[in-house]
Amino acid sequence: MTTTTAPLTSAKPRVMSGMRPTGGLHLGHLVGVLTQWTAFCDTADAFFEIADLHAYTTGYENPQAIRDARNEMVAVWLAAGVDPKKSTIFLQSAVPEIAELQALLAMITPVSWLERVPTWKGQIEELGSHVATYGFLGYPLLQLCDIAIVRGERVPVGRDQVAHLEFGREVVRRFNYLYGDGSEVLVEPQPTLTEFAEVPGTDGRKMSKSYNNAILIADDEETTTKKVRSMITDPQKVRKGDPGRPEVCPVFALWKFVNPLKLDGIAEGCRSGALGCVADKTDFAEQLNAYLRPVRERLAVFRDDPAQVEAIIEEGTARTREIASSVMLDVKRAMKLL
Ligand code: TRP
C-alpha cells in the first residue's frame, strides 16, 4: 500500500517529546530536559507537546490548574531557549487525531499489556485509587499516539519512561503485523535514553515539585537564596573547620551545573575544612541566581506577552494537525475504514 508520508523539512530525524502541564518547572527540568530540547531544535525536526490530556489522567479534579499551567509551561520552554522557529510546539488536546488514533489502537491493545506497565500499579499505590481510571490505564497508549501521530522516530525520555516506550513499540508491531500488509504504516519509536542528570533538591532527594524541595525557575532571587540557605549539606560537617564530604552534599552536586569550574576548589575547601557550609551556600546562591537570571528575564517577557505564546502554540498545533491527518488517512486505509 502507499503511505502518504508527510514531507520532512529536511533529512533530520523526527524527535518527539512532551511534558504534562502541572506547573512548577524547576532547575531539574532546566538542566535535564530543556537544555536537550533546545539542542534538538538544531539537530532534529523536533515536536514538543503540551500533554494536557495526560495531565487529566491524574489531575482531572483540577482542570483549572491544568489550564493555568499550559501557557506558563510554554513560556518557560521558550525562556529556556526552545526555538519555535526551528521546532514545533503543540497542544495535545487541540489535535483530535491523537484521541481518534487512541480509540483505534485501543481495539488491538490487550489490557494485560497496560496492566503490566509499572507506573499503573505504582501510581495507584502512590496517589490512591482515584487514579485507577480507564483513562489512566490508557496513559502509555495515549503517549504512543502522541508520538505516532507525527511519525516520531526518536523520543528523548528519562529512564522512568522507557517502559512506556517499550509498550508503545509492541503496539506498533502488532498494528503493522495485523494491518500493514508487509509495510510499516506506523513507525516504531526509539527511545533516546538521555542520561538526565540526577538533580538533587534542597533536601538531597531528587528535585521534584511533589517533594517540595525544588528551586523553581519562576522563583524570585530572594526565594532562591532562602531555599539555598535551607539546603542540607554533609550532616557530619557541623561547623566550619570540620572536614566535609562533597560527594554526599546536594549543594556541591548543584554546583556542577551552575559553575563546574569552581568544583575542584570547593571540594578541596570542603574536605580541608577551610570552606564552611554557610559561606559556600552564600556564594552558591549568588551564582545560581546569576545562572537563572537570563532565563527569568526572558520568562518575564513571555509572561507579559501571552498573545505571542498563544500564537506560537496555535501555529505549531496547525502544523501538527496537517501531519496528523495524513497519518490518520494511512491508519484508516490500513484498517479498511476508508
Ligand atoms: N509521559 C511523559 C512524562 O511524564 C510526558 C509525555 C506525554 C511524553 N506524551 C509524551 C513524553 C510523548 C514523550 C513522548 O514525562
Side-chain angles (χ1 to χ4, degrees), residues 13-26 28-34 36-37 40 44-60 66 69-70 73-74 76-77 82 87-99 101-102 105 114 117-120 122-123 126-127 131 133 135-169 171-172 186-199 206-210 214 313 316-317 320 323-324 327:
R14 189 160 286 174
V15 163
M16 194 276 153
S17 199
M19 220 185 260
R20 282 167 294 161
T22 49
L25 268 69
H26 53 65
H29 291 111
L30 183 65
V31 303
V33 186
L34 292 175
Q36 290 188 355
W37 283 20
F40 279 126
D45 182 18
F47 284 71
F48 302 120
E49 177 195 72
I50 309 158
D52 59 341
L53 297 178
H54 276 114
Y56 277 86
T57 62
T58 53
Y60 57 86
I66 298 170
R70 180 207 286 180
M73 179 175 77
V74 173
V76 173
W77 295 355
V82 173
S87 64
T88 305
I89 293 172
F90 71 96
L91 177 64
Q92 183 181 34
S93 63
V95 182
E97 290 83 359
I98 293 172
L101 181 60
Q102 189 186 17
L105 295 185
L114 285 163
V117 176
T119 34
W120 168 242
Q123 290 289 87
E126 198 160 308
L127 302 174
V131 303
T133 61
F136 185 58
L137 179 65
Y139 187 114
L141 184 62
L142 181 59
Q143 185 166 351
L144 168 68
C145 294
D146 297 338
I147 302 161
I149 210 73
V150 295
R151 298 189 198 283
E153 297 162 297
R154 292 219 227 125
V155 184
V157 285
R159 222 172 296 152
D160 60 323
Q161 297 289 310
V162 172
H164 291 179
L165 261 282
E166 222 15 83
F167 159 86
R169 290 158 55 80
V171 173
V172 168
L186 293 179
V187 180
E188 259 185 63
Q190 308 286 340
T192 306
L193 229 199
T194 30
E195 249 349 286
F196 287 139
E198 265 289 297
V199 180
K206 182 182 166 174
M207 190 177 286
S208 160
K209 194 192 163 208
S210 55
I313 298 169
T317 301
T320 304
I323 297 164
V327 170

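Residue numbers count from 1 along this sequence. Indexing begins at 1, ligand by ligand and atom by atom, following the structure's order. No hydrogens, no waters, no symmetry mates; every other heavy atom, side chains included, goes into these values.
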Would a distance-only check, ignoring hydrogens and angles, find a side-chain to backbone donor-acceptor pair under 3.5 Å from S87 to A46?
-> no

Residue, atom and distance of the protein heavy atom nearest atom 9 (N) of ligand 1 read D146 OD2, 2.7 Å

The protein heavy atom nearest to atom 8 (C) of ligand 1 is Q143 NE2, 3.5 Å

In R169, E153, R154, the residue satisfying side chain to side chain contact (heavy atoms under 4.5 Å, CB included) with P189 is R169

Practice item. Measure the acute angle between the ring planes of Y139 and H164, then classify it against the limits of 30° and 60° as parallel, tilted or perpendicular. Key: tilted

closest protein heavy atom to atom 1 (N) of ligand 1 is Y139 OH, 2.7 Å

Among non-hydrogen protein atoms, atom 6 (C) of ligand 1 lies closest to G18 O, 3.7 Å

Practice problem: Could you please spell out the steps behind the side chain to side chain contact (heavy atoms under 4.5 Å, CB included) verdict for L144 and L105? | Solution: CA-CA 10 Å; L144 168 68; L105 295 185; 3.9 Å; yes

Open item on the list: Students often mix this up, so state it plainly: with edges at 30° and 60°, are the rings of F136 and W120 parallel, tilted or perpendicular?
Closed with: tilted

When distances are taken from atom 2 (C) of ligand 1, the protein heavy atom at minimum range is Q161 OE1, 3.3 Å

So the atoms of ligand 1 within less than 4.0 Å of a heavy atom of H54 turn out to be 7 (C), 9 (N)

Is there a polar contact, in the sense of an N or O pair closer than 3.5 Å, between H164 and ligand 1?
no

Atoms of ligand 1 under 4.0 Å from any heavy atom of V155, numbered from 1 in the order shown, are 13 (C), 14 (C)

If we number the atoms of ligand 1 from 1 as shown, the ones under 4.0 Å from a heavy atom of R20 are 4 (O)

- Is there a donor-acceptor pair closer than 3.5 Å between any side-chain N or O of R14 and the backbone N or O of V150? yes

Ligand 1 to S17, heavy atom cutoff 4.0 Å, flagged ligand atoms 13 (C), 14 (C)

Numbered in order shown, the ligand 1 atoms found under 4.0 Å of a heavy atom of A51 are 7 (C)

The atoms of ligand 1 lying under 4.0 Å from a heavy atom of E49, numbered in the order shown, are 7 (C), 9 (N)

